[in-house]
Amino acid sequence: MGGPGDADAPNERIVGGPHSSPSASRLPAPPGGHGGSLGARVAIVGFGGVGRELARLIALKAGDVERLYGVRVRVVAVVDSRGAAICPRGFEGYELLKLAETPRSSVSSGPCGRPGAGVEDVYAEAKPEIHVEATPSDYESGEPGVSHAFKALGEGASFVTANKAPLALRFWDIIGEAAARGLYVGYKATVMAGTPLISLLRGLRGYELHAFEGILNATTNYILTLMHERLLTMDEALETAKAEGVAEPDPSLDLDGWDPAAKLVIAVNTLGYRLTLREVYREPLRARLEDVISASRRGRVLKYIARFRPRDGRAEVRLAEVGGDSFLAQAKGTVNAVRVDVGVNEVRLAGRGGGVDVTAHALLSDILEAARGWVPP
Amino acid sequence: MTLDAIVKIGGSILRSPGDYVKAAEAVREYYVDRGARVAVVVSAAKGVTDLLVRAVEGSRRAALEVKERYSAIARDVGGPSLERLVGELLGALDRVRGRAASARAAARILALGEAASRAIMVYALEAVGVKAVGIPAFRVVHSSGHPLRARIDYGRTGESWLSVVKTLTPSGAVPVVEGFVAGGCEGTPAILGRGGSDYTATALAALSTAKTAHLVTDVDGIYTGDPRRIPGSRRVESMGYIEALEAAKYGAKKMHPRTFEPLKVVRPLEVRIGSWRRWTRVAPRPEVRPPGVKLVASRALGSGTVVSLVGSGAASPMILSKAAEALMEAGVDYMTVHSTPSKASLAFTVNRDHEARALEALHSIIEEGVAEGAGEA
Ligand SMILES: NC(=O)c1ccc[n+]([C@@H]2O[C@H](COP(=O)([O-])OP(=O)(O)OC[C@H]3O[C@@H](n4cnc5c(N)ncnc54)[C@H](OP(=O)(O)O)[C@@H]3O)[C@@H](O)[C@H]2O)c1
């Protein structure tokens, strides 16, 4: 996709497509457009819960999105660990919905399926302009996300990700590479499942950061909420969260604090800092019911909090007590909340912190920003 | 962007793999081949919801039985790939250990029977040459309220459903949505209560351009009396919504109490209740036809039984006197007489031993000729 003011960006202009009625768009016409829509060729890499939900969302919303925002989103490929489905003309809505109902690891059994094909084939054949990364977050190697990020940027595609690992481990390398090429990196979906903290933080650049603190993980907040409200032990609360589908069958990345730590790194780096994942002090969540009860008696609440203080560079993820009336105490269940103290102001944001549906919406929002040539971060 | 009918396939006609294919053939024969645009709402296979209720209470055996039954059906209808897909959809059943931890967890389990049935129905339709695609209910049917007794949110559901219909129109594919299930708070599944598939079907019909909602079951319609107990019972040709609801209330037909709500709140249309070829037509208002009594029904109440006459004219003085006379002649004593504000029923509480006689006596006053004529494919 084109960088800022890049009128010669390889964006296809589609004038008067079947659904287009650009006059109704809420946004000004795209740069260089003549009232037509911008084409956005998207590859979805990683086709589990999030990737499928994004495919469904695009299938069902493409018409509205084009009408409102002047961008015609077309998925040209989807990839899982065993193969791909590649369609250079762009999948129809029906085909995307069919792909979304293939069994796991079997996207290649759907329309335009290609067993064994991978990201290389996708770039060679379908020339995506926007790469959506929805593979698992691996905080040791960063793979496959890191390689995919550089592959995408190297191919001239903007990089939009739900996978946190590439940015948690290689934030500035990826941002630098994108900037050098005038490409966009979209990662709203990585933090607070898309409640747009990242957009908010971009708007706080230039302020002096005093403190950043927040609840950045839905599973652990849900567990603590159950402990407080129903007086369950942590094990019982975890079992309940699993039974309700709120916690993954293996929730170790959440309980050990990797997930909120990665989000803290991404958020803080968005404000210009160079915090690494290794620098975050992490205490795995081990909450005891007696501590919950004792805190409650004193009008306080236990929360699993991610914090960064630039003054001493301290970054941490740990269980902490907050006042029962405080902003963070109000974030219950899977709601996440962040408080950013910038001296002259204190800005707060709360919203859902998990769920494939919200995550997919955040990815779509980033796709639109990428397509419209948003200024790279 | 139009839909002619919603066809709801009830669990009573889904007992075996062959039944799925038969139902799919009927959708083709009675609708698709006749040029009608349809959407299919599907229930869980016969008996599955009862097993899931036991699974929610902690029965691992019941959970496994559901898996086994669906595996066998899936294998037969769609081979190994469908079997895998259904296995993935039912994954949460593997983790049933003890009673469901919460209403949300229970809803998640109860919703599985319909989800698996939806996947199987898609394959069955495709196997008989009907292009079809599954739409997970919790992505289109939005709800509010308790997760086990949720109410459909017509506004949000209408928008989502419209985009499904719009997306699939160019391909001509039939959307298949599971009944009974809805999206609850924060993207978790909720269920609509027993018989909720009918409610899903009438809601999706009212929220589209459909002229009919056809609720297909294993009987030909609503009868003037239970044919196994009352010789001479005939199918009722047509009824009004209020009459149908009263009939349901007094036990003539199992129906969700909100089945007709969308038709009152959103848009009226015709509901067909019966088999593929024969049905009782339920329209907004009954055709007035003296004496306006359509059927008899009975329901246990405490130690006695409520036997009732249902029909728009049931509470008229003439019917009351005829009924009292018929009961007297049959030697039935009644304890109370009751009518509802809608005046579409007249109910007598009788001794349980008198139930059969009372029903026969009341049935004798239903006028000849209520069942002939319309209501045939
Ligand atoms: N779930 C949420 O609410 C949420 C919210 C925000 C962010 N995220 C992040 O979003 C990402 C995706 O989450 P998810 O829940 O969708 O995970 P998921 O269900 O496990 O899906 C991961 C997908 O990535 C595929 N994959 C794995 N390795 C691959 C490779 N080398 N090349 C191509 N594809 C590969 C998997 O393929 P197979 O199907 O073949 O296994 C699968 O399709 C994760 O990084 C997660 O942290 C999730």
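Values reported hereafter were calculated over all heavy atoms of this structure, with side chains retained and with hydrogens, waters and symmetry mates removed. Reminder, nothing fancy here: chain letters follow the sequence lines and each chain counts from 1.
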| query | At their closest point, which heavy atom of B/Ser102 faces which heavy atom of A/Thr240, and how far apart are they? | reply | OG-CG2, 4.2 Å
| task | May I ask you to name which of B/Ala107, B/Ala105, B/Ala119 has the most heavy-atom pairs under 4.5 Å with chain A? | result | B/Ala105
| message | Can you tell me which portion of A/Thr102 sits under 4.5 Å from chain B's heavy atoms? Options are side chain, backbone, both or neither. | response | backbone
| task | Examine whether an atom of B/Ala132 lies under 4.5 Å from a heavy atom of chain A, and if so say whether it belongs to the side chain, the backbone or both; otherwise answer neither. | result | backbone
| query | What part of A/Val246 gets closer than 4.5 Å to chain B, counting heavy atoms only: side chain, backbone, both or neither? | reply | side chain
| note | If you tally heavy-atom pairs under 4.5 Å between each of A/Val335, A/Thr334, A/Val358 and chain B, the highest tally belongs to A/Thr334
| So does B/Arg267 have more than 12 non-hydrogen atoms from other groups sitting under 6.0 Å from CZ? | yes
| field | Least distance between heavy atoms, A/Asp64 atom then B/Lys166 atom | value | OD1-NZ, 3.8 Å
| remark: The interface call for B/Val122 against chain A, heavy-atom contacts under 4.5 Å, is side chain
| query | So which of B/Ala103, B/Ala173, B/Gly134 has the biggest tally of heavy-atom pairs under 4.5 Å with chain A? | reply | B/Gly134
| query | In terms of heavy-atom proximity below 4.5 Å to chain B, should A/Lys61 be classed as side chain, backbone, both, or neither? | reply | side chain
| note | Among residues 81-95 of chain A, residues within the sub-4.5 Å heavy-atom range of chain B, in order of number, are A/Gly93, A/Tyr94
| Residue pair A/Glu244 / B/Thr188, side-chain heavy-atom distance below 4.5 Å | no
| message | Test side-chain contact (heavy atoms from CB on, under 4.5 Å) on B/Thr167 and A/Leu96; report intermediate values, then the result. | response | CA-CA 10 Å; B/Thr167 301; A/Leu96 283 177; over 6 Å; no
| query | If you count heavy-atom pairs under 4.5 Å with chain B, which of A/Ala59, A/Gly355, A/Ala100, A/Ala241 comes out on top? | reply | A/Ala59
| query | Is there a donor-acceptor pair closer than 3.5 Å between any side-chain N or O of B/Arg84 and the backbone N or O of A/Arg104? | reply | yes
| said: Strictly below 4.0 Å, N to O, side chains only: are B/Glu126 and A/Lys98 in salt-bridge contact? | reply: yes
| request: Using the side-chain contact (heavy atoms from CB on, under 4.5 Å) rule, take B/Arg139 and A/Leu60 through it: C-alpha gap first, then chi angles, then the decisive distance, then the call. | output: CA-CA 11 Å; B/Arg139 291 288 170 254; A/Leu60 299 177; 5.9 Å; no
| said: Do B/Pro136 and A/Arg56 have side chains that approach each other closer than 4.5 Å (heavy atoms only, starting at C-beta)? | reply: yes
| Which residues from residues 218-239 of chain A are near chain B, with near meaning under 4.5 Å between non-hydrogen atoms? | A/Tyr222, A/Arg230
